[in-house]
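Letters go in sequence order (proteins before strands), and every chain restarts at 1.
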Amino acid sequence: MFAFIGFSLRRAWQGFWRNALMSLAATLTMVLMLLLLAGFFVLQNVLVASLSFVEQKVEVVAYVQNTATADQVDALVKHIGAMPEVASVTFVSREEALAKFRAMQTAQGRGDVTATLDTNPLYASLNVKLRSPGDLDTVTNALDGSPIVRNVLNIQALVERVTTVTTVIRNAGAVILGIVGLIVLFIVVNTIRLAVLARAEEIEIMRLVGASDAFIRWPFIFEGGLVGLLGALIAIGILAAAAQPASAAMAGFFNVLPLELGPVGRDTAALVLGTGLGLGVAGSWLSVRTYLIR
Amino acid sequence: MTQTASAYPTFMERLTGRRAPVRTSRDVVVLHGVTKRYPNGRVALRDVDLVVPEGDFVFLVGPSGAGKSTLMRLLIRDELASKGHVVVDGNDLGRLRRRDVPRIRRKIGVVFQDFKLLPRKTVRENVGFALEVTGTKRALVGPAVDRVLALVGLTAQADQLPTQLSGGEQQRTAIARALVHDPRLIIADEPTGNLDPVISWELIQLLLRINELGVTILMATHDAEVVTSLRKRVVALEDGRVIRDETGATYHQAD
Ligand SMILES: Nc1ncnc2c1ncn2[C@@H]1O[C@H](COP(=O)(O)OP(=O)(O)OP(=O)(O)O)[C@@H](O)[C@H]1O
Ligand SMILES: [Mg+2]
């Protein structure tokens, strides 16, 4: 068994270097395709992050009865905040609401109309941010059910419009990423098929002298894995070198949106490594298979 | 190197003198009622019967398209018979499981008109390749290769590439590769087709010597002079049928 693995690895290594030009061409193709894939993957992540930023703007506002006690409000905030659909809850008291209103009026250059009032006409409110706009109904109903809630602002139409747009954009992004993935798959598998085709004579001789399928297949699979691994490592190296300047430029470009991209770097590296290795191995497995059918 | 401990001495055992030659009545090849129809409908062999006992030297002759190469492809199970039985060294190839095919192929050495050598490997590597890819221990490869290279007279050229060899030397490399598995049978499909007459004779002499060591040889050829002067067994095919099977015969049908 170890002798067999040793044999396969040795033959894979020899095969790679005996056809160095072909192998390097395949590796280069692999690198370019992986970079393409990684580029679109990062774009897709930026897109998704931007969209959820937009969607998080969706806020359910529930006005609270003036008769509500502080304990009742606290209980409601706790109850709503504990819902899985809810991202955050902030309570805006009547005084804060008035202060905000005044600040807005001043900012717009108008006189303070509230100065003439002797009572505060505004209601306190619960501002609830949702994890996903699709949960609007659930959260609205929960708020409506509370006796201390006066009314919930109806933003159904607005939310529907926003989700329609974001869903379309998100799906378009996923489809494009999928298409790029297919193109990468096709080109890489085809390149490996060509590399194997160049060795058809060798495979034929192996069959004629009585080599078993495993002895024919595994050196090619290891060789494909080597091309995939090497391609992935080079691609990751290039991406790592480009990441710093690129993210600096991105931060400048997107600084209006405090995007939460999460561990995109790690995900991209995993994607590149997995795709490279997977395509290298699967590609050579498929290519050699055509010769082993008989 | 020897996969099965046989009651019969192999050619390598005879060559190294470990066992004396024994005449056996064993049949290495048996074809019974074999018909081969290719997927495109073309019938290349029709109801062929052929028995080749161990140690025979058989010339397979016949016009182009008669079915000689097809018969050889059936013997190495590159193709399967459409009808009838093909039995090699006691194994019915039609009933053989896929994973047992390589074991049968190691009992057969094949030699082709176009040599089929790997251009980037030396003579030694080309011959050793046949052992390496069948899982022979590395320590055993070198001595076995040296032995067959000595037998075919290529010791001096062992480290040359095929492009640095004459046609005859290339074909002798192919024969060495065919021998290195210690086969019961050598199948040669027009092995002298690309060689000039003098070199062809040298090659035939080599095959005769290998035959004397006990290896059964089946050789397809168009070379009338060689066939006629050697007076070996001749099997003539025409349009997929055996039309003649004589021992001590000539290339053309005696009138
Ligand atoms: N793979 C194939 N598919 C279809 N028909 C084939 C195939 N191989 C051979 N044939 C046909 O089978 C017949 C026998 O061919 P074969 O190669 O066995 O002849 P041959 O006796 O070796 O001829 P030659 O002396 O020219 O080598 C021919 O008519 C040929 O066209
Ligand atoms: Mg032929």
Do A:Leu271 and A:Leu37 come within less than 4.5 Å of each other through their side chains, counting heavy atoms only?
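Yes; the side chains approach each other to less than 4.5 Å.
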Any heavy-atom pair between the side chains of A:Trp218 and A:Val288 that's under 4.5 Å?
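SC-SC contact between A:Val288 and A:Trp218 ruled out.
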Counting N and O atoms only, with roles assigned by atom type, does the side chain of A:Arg131 sit under 3.5 Å from a partner on the main chain of A:Pro84, one being a donor and the other an acceptor?
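Judged by distance alone, yes, a pair lies under 3.5 Å.
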Sub-3.5 Å donor-acceptor pair from the side chain of B:Asn211 to the main-chain atoms of B:Asp56, do we have one?
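Answer holds: yes.
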B:Val110, part contacting chain A, at a heavy-atom distance under 4.5 Å:
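Side chain of B:Val110 only, per the 4.5 Å heavy-atom cut-off to chain A.
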Which atoms of B:Arg138 approach chain A - backbone, side chain, both or neither, heavy atom under 4.5 Å:
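The side chain, not the backbone.
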Taking only residues at least two apart or on different chains, which pairs with a member in [range] satisfy side-chain hydrogen bond (donor to acceptor under 3.5 Å, both in side chains)?
{"range": "residues 169-194 of chain A", "value": "A:Glu55-A:Arg170"}
{"range": "residues 170-180 of chain B", "value": "none"}
{"range": "residues 4-32 of chain A", "value": "A:Arg11-A:Glu202"}

Residue-level contacts of residues 114-123 of chain B with chain A, using a heavy-atom cutoff under 4.5 Å:
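B:Lys116, B:Leu117, B:Leu118, B:Pro119, B:Arg120, B:Lys121, listed by number.
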Chain B contact via A:Phe4 - side chain, backbone, both or neither, heavy atoms under 4.5 Å:
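A:Phe4 has no heavy atom closer than 4.5 Å to chain B.
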